[in-house]
Participant: 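Handing you a structure now.
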Amino acid sequence: MSVTSLASQLQGLAPADGSYADLFSSVLPAVIDAIGEIASSLSTAHRVALAGTANTFGDDQLNVDVAAELVLRNTLAAKCPSVVTASSEEDPVEKPVHSEAAAVATRPEHCYTVAFDPLDGSSIIAPNWTVGTILGIWEGPTAVGQPAEKQIAAVLGVYGPRTTAVVAIRLPGSSKADAASSICLEIGLGQGQQASQNSEVLRSSVRLAAPPFKTRYFAPANLRAAAQDGRYMALVSNYIQQGYTLRYSGGLVPDVVHALVKGHGVYVSPVTAQSKAKLRQLFELFPIALIVECAGGLAIDPADGSRILDRVLQGTDERAGLVCGTAEDVEAVKKALLA
Ligand SMILES: *[C@@H]1O[C@H](CO)[C@@H](O)[C@H](O)[C@H]1NC(C)=O
């Protein structure tokens with residue numbers, strides 16, 4: 001497909017009243033371009049090595065993490081005048097995207113804040129497994145102190161044998177992220193700097209299926225925790241006894257996207273006394289939760305069963321566990337883990 005098709009398909013989805021106009025016309029196409037560029041840089045990165053640096057969270061950075069971070073930062077600065085603030089897992093302090101002069105010159109009517117994990121899945125990238133980018137778009141000049149409702153869109157970039165993206169947008173005026181008030185698309189990408197020019201919408205309505213399910217899938221993250229938590233062990237045994245199919249790679253993006261593509265799945269990453277909460281609210285949990293809910297699923301915090309999108313973001317380093325996927329399976333996990 002040509003540039004007009006993805007751009008015009010996106011524009012065709014924009015609300016008629018002009019709200020979120022920049023989101024559809026410039027921010028989303030630019031993010032798709034960045035995902036294509038990251039895919040190209042991964043496919044030519046013959047070595048995956050420690051960059052010799054650590055991010056603010058103390059995690060070692062890989063050369064490919066640094067490259068993906070740079071692609072996204074440069075894209076936002078060059079192509080997204082309405083994105084005024086950005087932060088990432090590699091550099092988690094919110095900073096202005098544009099110089100003061102550029103900001104005054106363009107004066108966006110609506111402004112956005114972007115928060116992203118440029119390359120999720122460092123532990124499985126060396127064996128060349130599928131990894132991803134996770135990105136959330138917030139209305140306004142900051143995400144900190146804001147309710148999750150201000151996150152109006154999220155994008156997952158999926159780098160495997162093919163490059164794809166899942167894009168979810170909650171339409172204005174709806175606080176719920178259910179299927180009726182949101183858009184969830186799957187996009188197939190071309191490679192290179194202008195990926196949006198040879199990308200196409202593969203599915204215009206990504207939805208988890210309703211029962212009865214032909215095949216039921218489970219993804220038990222942090223499975224070592226089952227050795228210390230009898231409830232998690234019982235949950236996993238129950239899946240095995242009920243004939244669920246195991247689909248788990250250890251990459252948050254491919255594991256969640258698996259459920260979205262197959263129409264069923266439950267991803268469980270519990271928190272126990274010995275294994276602490278690891279996933280970042282801003283860079284991982286909020287965007288994943290928005291995507292899953294826009295596809296008709298549910299995303300909760302296993303510590304107390306609360307809905308992740310009911311939160312107010314207190315700071316960029318907040319962390320939690322995650323249970324997400326098909327709503328009825330998520331409810332069952334909540335009962336099993338909190339009993
Ligand atoms: C990694 O896998 C992709 C296909 O998924 C392939 O094109 C590429 O050559 C592989 N890279 C390495 C270094 O094996």
Side-chain angles (χ1 to χ4, degrees), residues 1 6 29-55 59-75 88-90 116-135 154-168 184-203 206 215 217-221 245-265 267 283-284 287-288 291-292 295:
M1 289 216 179
L6 184 68
V31 169
I32 297 296
D33 283 345
I35 288 170
E37 208 179 325
I38 294 170
S40 299
S41 91
L42 284 178
S43 69
T44 54
H46 296 296
R47 292 167 202 279
V48 176
L50 290 179
T53 48
N55 66 21
D59 307 328
D60 288 329
Q61 285 178 308
L62 299 174
N63 57 343
V64 283
D65 292 336
V66 175
E69 165 85 10
L70 204 65
V71 167
L72 278 161
R73 296 270 176 187
N74 290 344
T75 299
S88 79
E89 184 152 308
E90 303 302 321
F116 57 90
D117 180 356
L119 203 59
D120 191 82
S122 324
S123 64
I124 52 170
I125 195 163
N128 204 15
W129 288 19
T130 298
V131 293
T133 291
I134 307 174
L135 182 140
V155 181
L156 299 180
V158 191
Y159 312 111
R162 294 180 300 145
T163 304
T164 60
V166 179
V167 177
C184 193
L185 309 168
E186 187 189 12
I187 295 172
L189 268 77
Q191 291 206 349
Q193 295 209 340
Q194 305 288 317
S196 65
Q197 296 191 15
N198 42 30
S199 298
E200 59 177 303
V201 174
L202 302 176
R203 283 192 294 157
V206 175
T215 309
Y217 299 96
F218 74 114
T245 298
L246 172 72
R247 283 293 179 270
Y248 181 69
S249 74
L252 179 57
V253 172
D255 287 331
V256 169
V257 168
H258 183 274
L260 299 175
V261 170
K262 294 297 178 107
H264 178 280
Y267 180 94
F283 307 118
E284 293 165 316
I288 293 276
I291 297 228
V292 169

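We count ligands from 1, going down the list as the structure has it; atoms in each ligand are counted the same way.
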Participant: Quick one: does S122's side chain get under 4.5 Å of V64's, heavy atoms only?
Facilitator: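 Heavy-atom side-chain distance check fails, nothing below 4.5 Å.
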Participant: For atom 14 (O) of ligand 1, is the nearest protein heavy atom closer than 4.0 Å?
Facilitator: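 So atom 14 (O) of ligand 1 has protein heavy-atom neighbours under 4.0 Å.
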Participant: Please report the closest heavy-atom contact between T133 and I38, naming both atoms and the distance.
Facilitator: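 Nearest pair, atom of T133 first, then I38: OG1-CD1, 3.9 Å.
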Participant: Check V253, D120, V158, I124 against V131 for a side chain to side chain contact (heavy atoms under 4.5 Å, CB included) and give me the one that passes.
Facilitator: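 Looking at V253, D120, V158, I124, the match for V131 under the side chain to side chain contact (heavy atoms under 4.5 Å, CB included) is I124.
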Participant: Return the closest protein heavy atom for atom 4 (C) of ligand 1 as residue, atom name and distance.
Facilitator: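 Heavy-atom neighbour on the protein nearest atom 4 (C) of ligand 1: P161 CA, 4.0 Å.
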Participant: Just need the protein heavy atom nearest to atom 12 (C) of ligand 1, so name the residue and atom and give the distance.
Facilitator: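 Closest protein heavy atom to atom 12 (C) of ligand 1: N128 ND2, 3.3 Å.
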Participant: Regarding T164 and Y159, do their side chains bring together a donor and an acceptor under 3.5 Å, going by distance alone?
Facilitator: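 Side-chain D/A pair, T164 to Y159: absent.
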